[in-house]
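Here it is, the structure in full.
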There are 2 protein chains.
Amino acid sequence: MKPSTSIQDYLKRIYELTENGSPASTNDLARELNIKPASVTGMIQKLANEKPALLEYQKHQGVTLTSAGKKAALEVIRHHRLLETWLVQTLGYSWDEVHEEAERLEHVISEDFERRIAAALGHPLRDPHGELIPTADLKMPLDDSTPLSALRKNQTGKILCIKGADADLLRHLDELGLTPNAMIEVTDYSPFDHNLTIKVEKKTHVLGLSVTSKIFIEQK
Amino acid sequence: MKPSTSIQDYLKRIYELTENGSPASTNDLARELNIKPASVTGMIQKLANEKPALLEYQKHQGVTLTSAGKKAALEVIRHHRLLETWLVQTLGYSWDEVHEEAERLEHVISEDFERRIAAALGHPLRDPHGELIPTADLKMPLDDSTPLSALRKNQTGKILCIKGADADLLRHLDELGLTPNAMIEVTDYSPFDHNLTIKVEKKTHVLGLSVTSKIFIEQK
DNA sequence: AAAATAATTTAGGCAAGGCTAAATTTTACA
DNA sequence: TGTAAAATTTAGCCTTGCCTAAATTATTTT
Ligand SMILES: [Mn+2]
Ligand SMILES: [Mn+2]
Ligand SMILES: [Mn+2]
Ligand SMILES: [Mn+2]
């Protein structure tokens with residue numbers, strides 16, 4: 001059976017929160033889902049006890065996805081990212097507007113719809129923010145990007161992805177020309193505050209860590 | 001507040017069932033919604049008692065939409081028909097495939113999405129089946145069509161709409177060339193069984209009442 | 001005009017997925 | 001190392017929207 005919309009959202013958030021390798025905590029999940037921690041506990045207990053369990057769970061230790069859970073999560077993420085790409089390309093959404101729309105559509109489109117937009121888009125590898133799109137057989141491609149925050153003076157690269165930015169930051173980055181595919185060069189680094197001075201399209205900007213850690217680069 | 005998906009489906013069905021002027025019965029509604037009559041009674045009582053009531057209801061007498069209910073119904077119907085049009089035009093769905101997809105999407109698209117597809121399609125008047133699309137200000141345009149079943153020998157017209165046909169019939173009509181915009185001519189009428197003989201694209205077909213009553217014509 | 005049948009409503013229940021308040025565990029830190 | 005704070009879980013409750021079985025009302029048939 002296809003998981004409910006609620007469950008799909010849980011799985012997607014857990015996928016994201018566990019990408020760093022460590023389990024997702026009840027509180028983090030509650031924050032990301034805008035649901036009270038007590039309710040999250042109830043749901044993760046349920047998901048961990050399903051016939052093919054979707055989660056690995058030990059009290060007070062957080063959760064990780066089983067392979068069944070990961071597959072279900074990648075299904076939703078593929079829908080989300082294909083939808084974002086498609087909304088931008090065919091309906092003129094800007095990249096800071098698409099998220100919410102995709103957040104609702106992702107749960108209701110058919111597999112046929114998924115195939116049609118994937119084909120219409122030429123089976124894209126990344127969504128408008130540069131995030132990798134899981135393949136049709138639900139594998140997440142390897143991510144070979146480096147956070148901009150790891151670059152130093154005179155290093156250059158192409159922006160691959162903006163991760164975890166809210167709509168305000170996305171609009172700001174758009175104004176600065178810091179969008180996927182932009183070529184950038186680091187011209188200075190301040191070890192005290194981790195500020196990076198970068199050049200993009202002939203213009204120079206100084207970016208703090210809270211920004212540079214959200215921009216991902218393909219190094220030259 | 002936006003009505004729930006369930007409520008939207010109730011309102012849409014009630015709109016359709018009351019187009020003939022008479023109230024929708026509990027049983028008819030239950031059949032259309034695939035929900036047990038007892039559950040329908042519960043829901044219509046609830047909807048009739050909301051602050052601005054969505055339904056007019058008297059025990060054992062069926063329901064009609066209030067103006068608030070009609071507005072909410074037209075909102076869903078507009079979504080549905082725009083979506084069908086758009087899925088056919090941009091993703092290559094055939095007209096017999098789109099219904100189910102639109103049935104789910106109609107509840108989750110934003111008003112912004114609605115405006116974007118309406119604009120992208122050039123504010124169409126009819127969906128792929130020829131059904132009238134409610135306007136952006138939620139009025140249903142006047143329907144000036146006549147059922148094919150009302151035509152007689154030597155009368156001609158253009159097909160405007162196929163109403164209430166299931167996917168199988170839609171595919172069949174498609175094969176016969178009986179799609180919106182096709183020009184047809186009635187060459188014979190049998191008063192005994194109400195069969196009509198019609199000519200479309202040089203071919204002749206004999207259609208029973210259960211078919212001719214679902215095809216609507218703009219008379220010449 | 002009964003009696004039978006059909007339609008509708010009532011009553012009681014259930015599952016999903018939330019919430020609050022209270023209890024418990026873990027972690028932090030003085 | 002003991003305690004305070006933070007995180008998590010438990011317990012009990014609520015709403016939505018569905019169900020079945022039984023009761024009631026309306027409609028047909030005889
Ligand atoms: Mn979502
Ligand atoms: Mn899919
Ligand atoms: Mn629907
Ligand atoms: Mn709308």
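Only this structure's heavy atoms are used, side chains among them; waters, hydrogens and symmetry mates stay out. Proteins come first, then strands; the chains are lettered A, B, ... in the order of their sequence lines, and each starts at number 1.
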Please list every donor-acceptor pair under 3.5 Å in which a side-chain atom of residues 205-213 of chain B meets a protein atom from a residue at least two apart or in another chain.
residue, atom, partner, partner atom, Å
B:Thr212, OG1, B:Gly208, O, 3.3
B:Thr212, OG1, B:Leu209, O, 3.4
B:Ser213, OG, B:Leu209, O, 2.8

Residues that A:Trp95 engages under ring-ring contact (aromatic ring centres under 6.0 Å, His included), provided they are two or more places apart: A:His129
Once ring-ring contact (aromatic ring centres under 6.0 Å, His included) is applied, do any residues pair with A:Tyr93, and if so which ones, sequence neighbours excluded? none
Going by side-chain contact (heavy atoms from CB on, under 4.5 Å), name the residues that satisfy it together with B:Lys71, two or more places apart in sequence or in a different chain. B:Leu138
Axis-to-axis angle across the helix from C:dA1-D:dT30 to C:dA30-D:dT1, five pairs each end, nearest 10 degrees, ~ 0°
For nucleotides 1-3 of chain D, tabulate all protein N/O to nucleotide N/O atom pairs closer than 3.5 Å, reporting atom names and distance.
none

DNA chain D-proximal residues of residues 15-25 of chain B, any heavy atom under 4.0 Å: none
Apply ring-ring contact (aromatic ring centres under 6.0 Å, His included) to B:Tyr57 and list each qualifying residue two or more places apart in sequence or on a separate chain. none
For nucleotides 22-28 of chain D, just jot down a letter per nucleotide in 5' to 3' order: B, S or -, based on protein non-hydrogen atoms under 4.0 Å. ---S---
Base-contact (B) and sugar-phosphate-only (S) positions in nucleotides 13-19 of chain D, heavy-atom cut-off under 4.0 Å, - elsewhere: ----SSB
Determine all donor-acceptor pairs shorter than 3.5 Å in which one atom belongs to a side chain in residues 161-170 of chain A; sequence neighbours excluded.
residue, atom, partner, partner atom, Å
A:Lys163, NZ, A:Asp143, OD2, 3.0
A:Asp166, OD1, A:Asp168, N, 3.3
A:Asp166, OD1, A:Leu169, N, 2.8
A:Asp168, OD1, A:Arg171, NH2, 2.9

State which residues pass side-chain contact (heavy atoms from CB on, under 4.5 Å) with B:Ala53; sequence neighbours excluded, sorted by chain then number. B:Thr66
